[in-house]
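What follows is a short report on a single structure.
For ligands, and for the atoms within them, numbers begin at 1 and follow the listed sequence.
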Amino acid sequence: MDVLRIATAGSVDDGKSTLIGRLLYDTKSLTKDKLEAITITSKRKGLDFTDLSLLTDGLMAEREQGITIDVAHIYFSTPHRKYIISDTPGHVEYTRNMITGASTADVSVVLIDARHGIIEQTRRHLFISSLLRIEAVFVCVNKMDLVDFDEAVFLNIKDELKSLAKKIGYTGELHFIPLVAKDGDNVVTIPERMNWYKGSSLLQHLEELPIRSKEKILPLRFPVQYVIRPHDEEHPDFRGYAGQLKTGTLHKGEKIVVLPTLKESIIKSVHLAEKQVEKAFAGESIVVEFEDDVDVSRGSMIVDAASAYHQVTSFTATLSWMDEQSLTVGKSFFLQHNVNRVKAKLVELQKVLDIKTMEEKTNVDELHLNDIGKVFIKTAKPVFVDTYQSNPHNGSFILIDEFTNNTVAVGVIESF
Ligand code: GDP
């Protein structure tokens, strides 16, 4: 069955939890127990409706206390396809999580409170969706009941957002849907109250969207996480390389190249969960053996000998800066790309995005907390990257402060 991955974004109280709860409820993805539990809690709180936002509240509470969850995954399905929602918190300081959530998504759902219209977070979400080349953005204008179901409010937001999208050069599909998440209007069903809206409900849109399989055309990228040499009696000569296959496929007999040494070899065997397989696919954690004894270590990248691959020591990237302390030219970091951690230096700050006007400014001295900018970076050792556009799974990285060990930026590689 098809799987569609959705990233949701909105600011606090826009109704994101309610919308997700509504989707689960209306697609009958809720267990009886869960439904009973939230019905009882809603009554106890004195509400005259079942508050569907309570469904995801457990996750939110956990997140607010700073426990583990950065991106929560919520699953539901229809007879037609399966859905995975990556729900990221709406606060501005969670831009990194938004990027994590959106980087694997096919579509994003951006929620706007009809009363407040487009706010800074909306622009940020739109920009990130564009940066990460999300194929379709569904802009849901929620709480239409609180603006008397006024079509003009909806149209104003639509016009403004369309021109912002044009300004930043977003090339994917853009859809607009007026919602009352609380009552379910246009989430799954289309009631009469907004009969000026002639489009589809959010779920109809999601059901009809063609899923373009990105994985099939991507080249082999297998970063080595561990070198396995047991040296025991049973396996005296075994030398295997373990890791997760990032993109592409890998098969027995395939001619490969190891980066950075450029040594060639042939795949002798592929092991998946203790079994030998002919072929492995992206996302699988595998161990491979080579025909020859070539030098491979943690952080090496195995690629297909017949297609293009890169090892670079400088590139242009778009960065989302996440540290209180501003970023200036000359600063050094650790750059983490897959399992590889290398020293890196910011050589040039080229542009910063003005989130209010969505215009890029040159002549930049600093990137402040939550700024998004274009930069030029040099690394002390080669990294085995692709541009985000050509291979999203191998085209992003994080920057780590050398002294505090904090993650201070996420970046997307634009060119090298
Ligand atoms: P979140 O912080 O974005 O997850 O927002 P919630 O889903 O928790 O919703 C915030 C508040 O808005 C709750 O009290 C909801 O009941 C309410 N709410 C959500 N959607 C609607 C809507 O369409 N109309 C109205 N009037 N209230 C809504």
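- Residue-to-ligand polar distances keep Val180 apart from ligand 1: every N/O pair is separated by 3.5 Å or more.
- Separation of the Phe315 and Phe397 ring centroids falls under the 6.0 Å cut-off.
- Which of Leu179, Leu146, Thr18, Asp13 comes nearest to atom 15 (C) of ligand 1 through a heavy atom is settled by distance: it is Thr18.
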(request) Just do the side chain to side chain contact (heavy atoms under 4.5 Å, CB included) check on Asp401 and Lys331 with the steps written out, would you? (result) CA-CA 10 Å; Asp401 189 285; Lys331 197 168 162 65; 3.9 Å; yes
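- Under 4.0 angstrom from ligand 1, the non-hydrogen atoms of Asn142 all belong to its side chain.
- Within 6.0 Å of the OH atom in Tyr25, the count of heavy atoms belonging to other residues, nucleotides or ligands does not exceed 12.
- Considering both main-chain and side-chain atoms, Ser17 comes within under 3.5 Å of ligand 1 through a nitrogen or oxygen pair.
- Sorted by first and then second residue, the side chain to side chain donor-acceptor pair (under 3.5 Å) pairs involving residues 185-200 (not counting sequence neighbours) are Asp183-Arg193, Asp185-Arg193.
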(request) Apply salt bridge (Lys or Arg N to Asp or Glu O under 4.0 Å) to Lys16 and Asp14, showing your working. (result) CA-CA 6 Å; Lys16 205 150 50 90; Asp14 286 346; over 6 Å; no
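- For ligand 1, the polar-atom distance check finds an N/O of Gly15 within less than 3.5 Å of one of the ligand's N/O atoms.
- Only the side chain of Asp145 comes within 4.0 Å of ligand 1, judged by heavy-atom distances.
- In summary, the atoms of ligand 1 found under 4.0 Å from a heavy atom of Lys16, numbered by their order in the structure, are 1 (P), 3 (O), 4 (O), 5 (O), 7 (O).
- Looking at residues two or more places apart in sequence or on another chain, you find no side chain to side chain contact (heavy atoms under 4.5 Å, CB included) involving Lys345.
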